[in-house]
Amino acid sequence: MNAIELRELNKSFRLDLKVGRRQALNALSLTVQPGEIYGFLGPNGAGKTTSIKILVSLLRADSGTATIFGLDPTRNDTRKRIGYLPESPVFYDQLTGREFLRFCGKLCGMRGPDLEARSTRLLEEVGLGHAGDLQIRRYSKGMNQRVGIAQALLHDPELVILDEPMSGLDPIGRAEVRDLILGLKKRGKTVFFSTHIIPDVEMICDRIGLINRGRMV
């Protein structure tokens with residue numbers, strides 16, 4: 001069973017009365033196997049984020065199908081199997097990084113010592129061990145990206161979907177995220193991430209898909 005399967009996805013958006021509708025996805029199809037690292041490449045505006053939002057049920061396709069492990073992405077039991085980092089995430093900036101992870105963990109049904117231990121370990125893994133007790137409003141863009149990756153991994157999902165995870169990171173930070181993604185693969189996880197940075201996918205991906213103007217090319 002495929003971890004991700006998109007079949008003939010179409011999605012358009014109404015811009016205004018003069019311009020009409022813009023086709024964001026045009027018969028897009030792809031498959032991702034369990035345990036793969038799949039790089040979703042394309043220029044800005046190619047349709048990467050639209051595809052991901054359909055996968056995590058934040059948008060509905062006009063036509064076509066999207067499944068995760070053969071299941072409808074809108075089902076709660078499917079969502080529990082996904083960790084998701086959106087593009088340019090914005091968090092509750094009055095919370096510390098640790099408080100934010102605690103909040104996210106409780107939303108996932110986690111409690112007690114297990115949640116505390118996992119939050120601490122993930123803060124260390126993403127390079128925020130020194131900043132876990134700082135308010136997020138004091139984080140740089142790169143630090144925001146790191147805490148976003150930590151929340152995506154908090155409930156130990158089978159499939160991790162990351163929209164531009166290297167955005168805002170310096171070269172050292174990008175290398176750390178690459179190592180983190182490779183570590184997920186070693187633990188049997190499936191990773192699907194979008195980017196326009198070709199060297200990143202060359203170093204870590206099993207397969208890639210290149211999208212342009214909503215089409216797989």
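For the numbers below, each heavy atom of this structure counts, side chains included, while hydrogens, waters and symmetry mates do not.
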Under 3.5 Å, side chain of [X] to main-chain N/O of [Y], donor-acceptor pair present?
X	Y	value
Asp114	Met110	no
Arg174	Asp200	no
Arg118	Leu154	yes
Asp62	Ser12	yes
Glu125	Ala150	no

Identify the two heavy atoms, one from [X] and one from [Y], that lie closest to each other, and give their separation to 0.1 Å.
X	Y	answer
His155	Gly83	CE1-CA, 3.9 Å
Pro165	Leu85	CA-CD2, 4.0 Å
Lys189	Pro157	CD-O, 3.1 Å
Ile52	Leu162	CD1-O, 4.3 Å
Cys205	Tyr38	SG-C, 4.2 Å
Thr190	Gln33	CG2-O, 3.6 Å

Using 0.5 Å steps for rounding, measure from the [atom1] atom of [X] to the [atom2] atom of [Y].
X	Y	atom1	atom2	answer
Leu134	Arg98	CG	CZ	10.5 Å
Arg7	Ser29	CZ	OG	5.5 Å
Arg213	Arg22	CZ	CZ	10.5 Å
Ile54	Arg60	CD1	CZ	11.0 Å
Leu95	Cys104	CG	SG	9.0 Å
Gln151	Ser119	CD	OG	11.5 Å

Check: [Y] and [X] side chains under 4.5 Å, non-hydrogen atoms:
X	Y	result
Ile4	Thr31	no
Phe192	Leu30	yes
Asn212	Pro43	yes
Lys48	Ile211	yes
Leu122	Leu128	no
Tyr84	Val160	no
Arg215	Leu28	no
Asp133	Glu99	no

For residues [X] and [Y], is any side-chain donor paired with an opposing acceptor at under 3.5 Å?
X	Y	result
Arg79	Ser57	yes
Thr78	Asp72	no
Glu87	Thr49	yes
Asn10	Ser63	yes
Asp163	Ser194	yes

Hydrophobic cluster membership, [X] vs [Y], 4.5 Å side-chain cutoff:
X	Y	answer
Phe40	Leu58	yes
Ile82	Met1	yes
Ile161	Val126	no
Ile68	Leu184	no
Ile37	Met203	yes

Handout entry: Residue of the set Ile204, Val177, Val191 for which side chain to side chain contact (heavy atoms under 4.5 Å, CB included) holds with Leu182
Key =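 Exactly one option meets the side chain to side chain contact (heavy atoms under 4.5 Å, CB included) with Leu182, and it is Ile204.
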Handout entry: Heavy atoms of other groups near Ile172 CD1, more than 12 under 6.0 Å
Key =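 Check fails, neighbour count at 12 or below.
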Practice task
Go through the steps for Val147 and Met143 under the test side-chain contact (heavy atoms from CB on, under 4.5 Å), then give the verdict.
Solution key: CA-CA 6 Å; Val147 79; Met143 293 168 75; over 6 Å; no
Problem - Trace of the side-chain hydrogen bond (donor to acceptor under 3.5 Å, both in side chains) decision for Asn2 with Thr67 - result: CA-CA 8 Å; Asn2 294 317; Thr67 58; over 6 Å; no
Practice task
Could you walk me through whether Leu9 and Thr65 pass side-chain contact (heavy atoms from CB on, under 4.5 Å), step by step?
Solution key: CA-CA 6 Å; Leu9 277 191; Thr65 60; 5.7 Å; no
Practice task
Tell me, with the steps shown, if Thr96 and Ile136 meet side-chain contact (heavy atoms from CB on, under 4.5 Å).
Solution key: CA-CA 5 Å; Thr96 67; Ile136 291 175; over 6 Å; no
Handout entry: side-chain hydrogen bond (donor to acceptor under 3.5 Å, both in side chains) against Glu116, all qualifying residues, sequence neighbours excluded
Key =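 side-chain hydrogen bond (donor to acceptor under 3.5 Å, both in side chains) check on Glu116 returns Arg102.
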Practice task
Run the ring-centre check on Phe103 versus Tyr92 and record whether the distance is less than 6.0 Å.
Solution key: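 When the ring centroids of Phe103 and Tyr92 are compared, they turn out to be within the sub-6.0 Å range.
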Problem - Aromatic plane relationship, Phe91 with Phe100 - under 30° parallel, 30 to 60° tilted, over 60° perpendicular - result: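 Plane angle between 30° and 60°, so tilted.
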Problem - Row check, Phe13 ring normal vs Arg21 NZ/CZ: under 6.0 Å, within 45° - result: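 No - Arg21 does not lie over the ring of Phe13 by the 6.0 Å and 45° rule.
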Exercise for the section: Identify whether the distance between the nearest side-chain nitrogen and carboxylate oxygen of Glu36 and Lys185 falls below 4.0 Å. Expected result: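 Salt bridge flag = no for Lys185 with Glu36.
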Exercise for the section: Evaluate the criterion salt bridge (charged side-chain N to carboxylate O under 4.0 Å, His left out) for residue pair Asp93 and Arg138; output intermediate values, then yes/no. Expected result: CA-CA 8 Å; Asp93 65 0; Arg138 298 176 63 185; over 6 Å; no
